[in-house]
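Contents: one structure, followed by commentary.
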Amino acid sequence: KGDFRPWVDQDLQDDTEVAAEGEDDWVDSSEVEDLAHVPYSPPRYPEEVMRQRSKDFYTLMNQRRSVRFISSEPVPREVIDNVILTAGTAPSGAHTEPWTFVVVSDQETKSQIRGIVEEEEEVNYRQRMGDKWVHDLAKFRTNWIKEYLDAAPYLILIFKQTHGILPNGKKKTHYYNEISVSISCGILLAALQNVGLVTVTSTPLNCGPQLRLLLKRPANEKLLLLLPVGYPATDATVPDLKRKSLNDIMVHI
Ligand code: IYR
């Protein structure tokens with residue numbers, strides 16, 4: 001399998017299907033409690049306001065770019081807390097909230113993360129990715145040297161929890177954990193854009209297990225994404241990419 005889809009990290013293998021019946025260390029449905037349903041009325045905007053808000057949000061999000069040159073200038077901790085609270089508002093399978101956001105500001109830990117990622121990425125670029133993949137990335141001028149990993153004031157490592165573990169030790173199925181955490185990552189990116197911070201969605205191939213151990217996370221957590229977060233460096237550049245037009249991304253039936 002790894003031969004055909006080298007960009008799918010072995011370590012990310014989902015174990016939702018492992019949660020089959022018959023194993024008594026998993027919670028069973030007889031233990032489910034009742035839940036009240038309460039009225040819900042979010043704000044409703046007049047059409048003109050909707051039109052304006054849809055444009056304004058698009059304008060904001062269309063300015064988002066993956067930035068690989070991040071300033072070491074400090075960022076208020078409260079802002080990071082709030083963007084992570086925002087990410088945690090994502091919908092999740094059976095409301096299991098199967099995410100862990102590890103925020104790293106400790107300089108020594110950031111350097112250790114950089115060491116692990118650069119060592120693996122060198123092997124990725126030289127061997128695992130293969131000529132075609134490396135060729136497809138050439139125009140982005142990326143390589144295995146990742147200065148942003150110890151320059152950025154914060155690294156946010158997003159782990160998906162393949163299952164939950166209850167106080168009584170029983171395992172809880174985390175349905176759709178990967179798409180749930182992926183959605184929360186999208187919301188996190190929007191929240192960062194909203195406060196004028198930048199990041200790059202890095203997915204360090206083959207680094208998951210080592211980073212999980214470094215950060216002392218349990219075995220049911222798998223690294224999905226690593227986001228270096230900060231202000232853009234004053235001399236930051238980005239590739240001059242264009243986005244597809246509406247007609248190229250939407251079909252209306
Ligand atoms: N993970 C590597 C390689 C890489 C892969 C893709 I697909 C990109 O869009 C960009 C980079 C790296 O971070 O350099």
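One-based numbering, in listed order, for ligands and for the atoms of each. From a predicted model like this one, the values you see are computed outputs, not experimental measurements.
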Practice item. Identify, for atom 12 (C) of ligand 1, the protein heavy atom at the shortest distance, and state residue, atom and that distance. Key: Lys146 NZ, 2.9 Å
Check your understanding: Considering Phe140, Trp133, Trp144, which one's heavy-atom position lies nearest to atom 7 (I) of ligand 1?
Key -> Trp133
**Study point:** Short N-O contact, Glu178 and Lys160, less than 4.0 angstrom
**Key:** yes
Review point. Which atom names give the shortest non-hydrogen contact between Glu120 and Asn206, and what distance separates them?
Key: OE1-CB, 3.6 Å
Practice item. Mark up the atoms of ligand 1 that fall under 4.0 Å of a heavy atom belonging to Asn143, in ascending order. Key: 14 (O)
Review point. Starting from atom 3 (C) of ligand 1, which protein heavy atom do you reach first, and at what distance in Å?
Key: Tyr125 OH, 3.3 Å
Practice item. Check ligand 1 against Leu137 and write out every atom of the ligand that is under 4.0 Å from a heavy-atom position of the residue. Key: 3 (C), 4 (C), 5 (C), 6 (C), 8 (C), 9 (O), 10 (C), 11 (C)
Practice item. Using only heavy-atom distances, determine whether the side chains of Asn177 and Ser180 contain a donor-acceptor pair under 3.5 Å. Key: no
Review point. Regarding Arg212 and the six-membered ring of Phe159, is the cationic atom NZ or CZ under 6.0 Å from the ring centre and inside 45° of its axis?
Key: no
Practice item. Would you mind checking if Arg68 and Glu147 are paired as a salt bridge, meaning a charged N to carboxylate O distance below 4.0 Å? Key: no
Check your understanding: Starting from atom 1 (N) of ligand 1, which protein heavy atom do you reach first, and at what distance in Å?
Key -> Glu121 OE2, 2.9 Å
